[in-house]
Every structure is written in structure tokens, then in C-alpha cells.
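The structure appears right after this line, and notes come after that.
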Amino acid sequence: MIREYKTIEEVAGPLMLVKRVEGVKYDELGEIELPDGEIRRCRVLEVNGSNVLVQLFESSAGLNLAYSKVRFTGHGVRLPVSRDMLGRVFNGMGEPIDGGAKIIPEDMLDINGTPINPAARNYPSEFIQTGISTIDGLNTLVRGQKLPIFSGSGLPHANLAAQIARQAKVRGTDSNFAVVFAAVGITFEEADFFTSDFAKTGAIDRTVLFINLASDAAIERISTPRMALTAAEYLAFECNMHVLVIITDITNYAEALREVSAARKEVPGRRGYPGYLYTDLATMYERAGRKMGSDGSITMIPILTMPEDDKTHPIPDLTGYITEGQIILSREMYRKGYMPPVDVLPSLSRLKDKGIGDGKTREDHANTMNQLFSSYARGKDAKELMVVLGEAALTPIDRLYAKFADEFEARYINQGFNENRTIEETLDLGWELLKILPRSEMKRISTKILDKYWPK
């Protein structure tokens, strides 16, 4: 039997203290019934003897302490899951907001889940094609990987997220691929962009969208990514699907965490974020991967905006420790009008070597990738030298490298948000650009590969 309590002591912002309760556990879901019958939800944050501190999901406005009742459900926040979630749009609490019927659940899953046991993990090794040259060719995404995108305010990471969600596929397994997209703390305009973009291109049919607006409660921002991961776990490990989870924007999530921490008067860590920010992010990121004995997998692309474009800020810094690399967006590329504005040289996918090569992409992939990185880095150095000393000071070969860098940016990095390149098209474009340089400069490509693929 569920007991009701009329012992609300005080409300401070999003927090409420309830006294003299029994058998309540941390993270349990509660319901507050107002005198007019309105129900508001809350979650247990702290248990101290018979006193519990709860956090409200909705506003505390109009809450009459003397006449309101609280009851606890005996379980945490749960998400009703079913295959019918594909093609639907939900809010941050898992309720449909697309005008469709409620989901008839095949199961009710606790949104907190658990990270995958390292001993039960399968090593990520299968190539995922995103159709974006800078990712597929140079920073390859592998099934089961966590590859974040580090952006800055004003950069078009929303367009890039939509492009990846639209185009990504595990080659040869199209029918079994799903995208779970979580938008955390975004504006109504951005929410409308994502829903209309997915609906217009037909990508919505294989996508589950969770949308949390900036105007929604902070606690909902904390639950949205977990809702998305719970849906992904069901589709991956119960329905054996390859699931790509895209979460934007992790910075808004961390801000909400800081807001809740401040309300609880916790001792702040770096830049006011709670000391457990690393652990909290890890409990989310580590839910991605491949499990032994399961055909399904969860690949994750968290997107975060770096405050003041600072890579050492706690959010990108800690994310970089947990994930396997990062794709960094560049303001310089954006100013040049190159889309997507990926900064190739500091970007990194630590698992790219595992997902490329003969039988996965093409035998020349590793060789061309190393040569393109090397040539572009030298070309950028040559261009910097040209700014200081003038073009006349460069050797003829350095001029060729400078020309290569310009062409590489204009044709390889720049492809727009609607062009979907196959890996073969990306590799062929790489060879075409390398032709700008003499064959004798191809020091990172084996003679066998060079003989076979060097453009005639």
C-alpha cells in the first residue's frame, strides 16, 4: 500500500523537505498532490533518517504546504519502452509530444541503467559510415565507440548532428540501424529544426527523439540523456539493433547538474561544477558499447559547446578522459565558410585503426589517411611561413604543399550539410588531392598501394 504524507516542511527553489517518512529510498519517484487534484512529480535526492529531500520536476509555484500530499512510488523514474518508439518524439520525461498515442510498453525500464561491465564488452571494430569525409576518412567512427564533438557557441553543431543522424549507417545492415537523438536544454527554434529536418528527409522513421527545451525544469535536463540511453539499450540489447545515440548539448546537462548541486549547498569543484561531474558523465558515457553475446550495439556521439572555446574547461576536459577521441569544430573554418567546419589536426578517433582496411573500408585507407594528415600539417606550416616571409621565401615544394592545404580545405573538409559521400568517394577524393604533390613525396604510402591507386 502506498502511504501519503502531509508533512511537507519547506520548499526552497526546486527542493522540498518532507519529514517523518518511512521506507523511502534514494532516487525514488514521488508524486505531490495539490488541493485542486493537480499532480506534480519529484525525485528523492537525499534521505536523512525519517527526513527526505526531494527535487521537483515542475515548478513549485502555487504549492500549498499545509494542504498538499506526497506519496512515494517505490521505484525510480521509469521509461515505457517498445519498438513503436521509432519515429516518435518525446519530452525529457519520456512522454509523447508529437500528438500521437501513448506507447503501449513491452517493458518499463529504470532510466539510471548501469554501465557495461568491462569484462562483458566486445571490442569495437566495425566501420560506421557517416557520409562526412573528415570523419569517415580521417577520424573514423567505429560501432560501439564514444566519439564526442567539441563545438563552440555559434558554430553549426546542430546541422552536423542532424546530418550524422540522417546519413549514418553500418554498411550492409541498413534495416537494423536506429538513431536515438536527445536534445538537452535547446531553444524551441532548434527543436523545430530537428523535428522538421528528420520528418522532411524521412530519417524520423528510424529515429527516437527526446526533446528537452531550455524553458523546462533543470531536473528534466538531467533525466533526458538517461531516457535516451535507456531507449537505446532496449533497442540494442533486446531488439538486436545497431543504435547511434546523439546527445546535444552536454554543456546544458552539466549546467543543470551544477544548478541542482548549488541548490543542495554542496561543496563546489572546478568552476562551480560538483566534484562528482566526472563520475556522473562516466555513468552515462559508459553505457555505450558492444556486449558479448549480443548482436546489437550502442555508439555514442555526445556534442558539447566549449565555454569560450576552451578545451581545458571541465566539461570537454573530463569528457575527453572518458571517451575515445574527439571531433573539434573550428571557428577559422567557419569564417572561411567551410561546412562542416571540422578542425582536422587536433581531432582524433582513438579506435580508427580498428575500423578501417581491407574488408571494412578499403585497403588504401590507413596509408592515405596518414599521408593526408602529414601533407595537410606541412601545408599549414608553409602557409604560416608565407604570411611571415612572403611567398617568394618558400621553396617550390613548399608552395605545392601550401596549394594542397588550400585545396584540401576547399574540397575535402568543405562538403556542405547535404552531401552524403561514400567511403570510396572520400578515399578517391584523397588520392585526387594528393596528386597535387609529386609522387616522390608520398612517404607514408607503401609502393604496392601507390602502384595500384596513384591516379594515372
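In what follows, residues are counted from 1 in the order of the sequence shown. Hydrogens, waters and symmetry mates play no part in the numbers below; they use all other heavy atoms, side chains included. Only a predicted model underlies this, so the values are computations on that prediction, with no experimental measurement involved.
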With heavy-atom distances below 4.5 Å as the criterion, would you say the side chains of [X] and [Y] are in contact?
| X | Y | result |
| --- | --- | --- |
| Met284 | Leu229 | yes |
| Leu345 | Tyr376 | yes |
| Phe373 | Thr368 | no |
| Phe72 | Val54 | yes |
| Ile132 | Gln415 | yes |

Donor-acceptor pair, distance only, cut-off 3.5 Å: does the side chain of [X] make one with the backbone of [Y]?
| X | Y | result |
| --- | --- | --- |
| His242 | Val170 | no |
| Thr361 | Ile356 | no |
| Asn176 | Asn240 | yes |
| Asp216 | Leu213 | yes |
| Gln371 | Arg444 | yes |
| Asn370 | Ala366 | yes |
| Arg40 | Ser59 | yes |
| Asp249 | Thr305 | yes |
| His365 | Glu363 | no |
| Gln326 | Ser347 | no |

Give me the atom names and distance for the closest heavy-atom approach of [X] to [Y].
| X | Y | value |
| --- | --- | --- |
| Lys25 | Val47 | C-CG2, 4.1 Å |
| Leu235 | Ala178 | CD1-CB, 4.4 Å |
| Gly325 | Pro148 | O-CD, 3.0 Å |
| Phe127 | Lys360 | CD2-O, 4.1 Å |
| Glu409 | Lys336 | OE1-NZ, 2.7 Å |
| Arg171 | Ile423 | NH1-CG2, 3.3 Å |

Would Val44 and Leu53 count as a side-chain contact (heavy atoms from CB on, under 4.5 Å) here? Give the steps. CA-CA 6 Å; Val44 176; Leu53 185 69; over 6 Å; no

Partner set under side chain to side chain donor-acceptor pair (under 3.5 Å) for Tyr285, not counting sequence neighbours: Thr319

Contacts of Asn252 meeting side chain to side chain donor-acceptor pair (under 3.5 Å) (sequence neighbours excluded), chain-then-number -> none

Just by distance, no angles: are the side chains of Arg421 and Ser133 close enough, under 3.5 Å, to form a donor-acceptor pair? yes

Assess the side chains of Tyr338 and Arg411: does a donor N or O sit below 3.5 Å from an acceptor N or O? no

Could you check whether the rings of Phe181 and Phe194 sit parallel, tilted or perpendicular, using 30° and 60° as the cut-offs? tilted

Heavy-atom neighbours of Tyr321 OH exceed 12 at 6.0 Å: no

Heavy-atom count check: over 12 atoms from other residues, nucleotides or ligands less than 6.0 Å from Tyr276 OH? yes

Gap between atom [atom2] of [Y] and atom [atom1] of [X] - 0.5 Å precision:
| X | Y | atom1 | atom2 | answer |
| --- | --- | --- | --- | --- |
| Glu238 | Ser294 | CD | OG | 8.5 Å |
| Ser50 | Glu22 | OG | CD | 8.5 Å |
| Thr230 | Met108 | OG1 | CE | 11.5 Å |
| Ile322 | Thr279 | CD1 | OG1 | 8.0 Å |
| Gln145 | Leu147 | CD | CG | 5.0 Å |
| Gln163 | Thr130 | CD | OG1 | 7.5 Å |

Taking it one step at a time, do Ile250 and Ile315 satisfy side-chain contact (heavy atoms from CB on, under 4.5 Å)? CA-CA 8 Å; Ile250 291 291; Ile315 304 167; 4.0 Å; yes

As a quick check of understanding, evaluate salt bridge (Lys or Arg N to Asp or Glu O under 4.0 Å) for Glu233 and Arg287, giving each step before the final call. CA-CA 8 Å; Glu233 283 168 347; Arg287 289 168 73 175; 2.8 Å; yes

Does any pair with a residue in residues 180-196 pass salt bridge (Lys or Arg N to Asp or Glu O under 4.0 Å), and if so which ones, sequence neighbours excluded? none

Give me each pair satisfying salt bridge (Lys or Arg N to Asp or Glu O under 4.0 Å) with a member in residues 118-130, each pair once, sequence neighbours excluded. Arg121-Glu286, Glu126-Arg143, Glu126-Arg290

Can you tell whether the side chains of [X] and [Y] come within less than 4.0 Å, N to carboxylate O?
| X | Y | result |
| --- | --- | --- |
| Arg258 | Glu255 | yes |
| Asp197 | Arg166 | yes |
| Glu424 | Arg362 | no |
| Arg331 | Asp309 | yes |
| Glu31 | Arg41 | no |
| Asp343 | Lys380 | no |

Applying side-chain contact (heavy atoms from CB on, under 4.5 Å), name anything that partners Asp98, two or more places apart in sequence or on another chain. Arg88, Val89, Pro96

Hits for side-chain contact (heavy atoms from CB on, under 4.5 Å) against Gln55, two or more places apart or cross-chain, chain-then-number order -> Pro14, Leu15, Arg43, Leu45, Ile219, Val260

Tyr273 and His313: CA distance, side-chain angles, deciding distance, ring-ring contact (aromatic ring centres under 6.0 Å, His included) verdict: CA-CA 11 Å; Tyr273 292 95; His313 186 277; 5.5 Å; yes

Step by step, work out the salt bridge (Lys or Arg N to Asp or Glu O under 4.0 Å) result for Asp310 and Arg270. CA-CA 14 Å; Asp310 179 12; Arg270 280 167 65 194; over 6 Å; no

Asn91/Thr224 under side-chain contact (heavy atoms from CB on, under 4.5 Å): CA gap, chis, key distance, verdict: CA-CA 8 Å; Asn91 65 11; Thr224 306; over 6 Å; no

Starting from the C-alpha separation in whole Å, work towards a yes-or-no answer on side-chain contact (heavy atoms from CB on, under 4.5 Å) for Arg206 and Phe177. CA-CA 7 Å; Arg206 59 162 194 177; Phe177 191 80; 3.1 Å; yes

Tyr5 ring centre to Lys69 NZ or CZ under 6.0 Å, with the angle to the axis within 45°? no

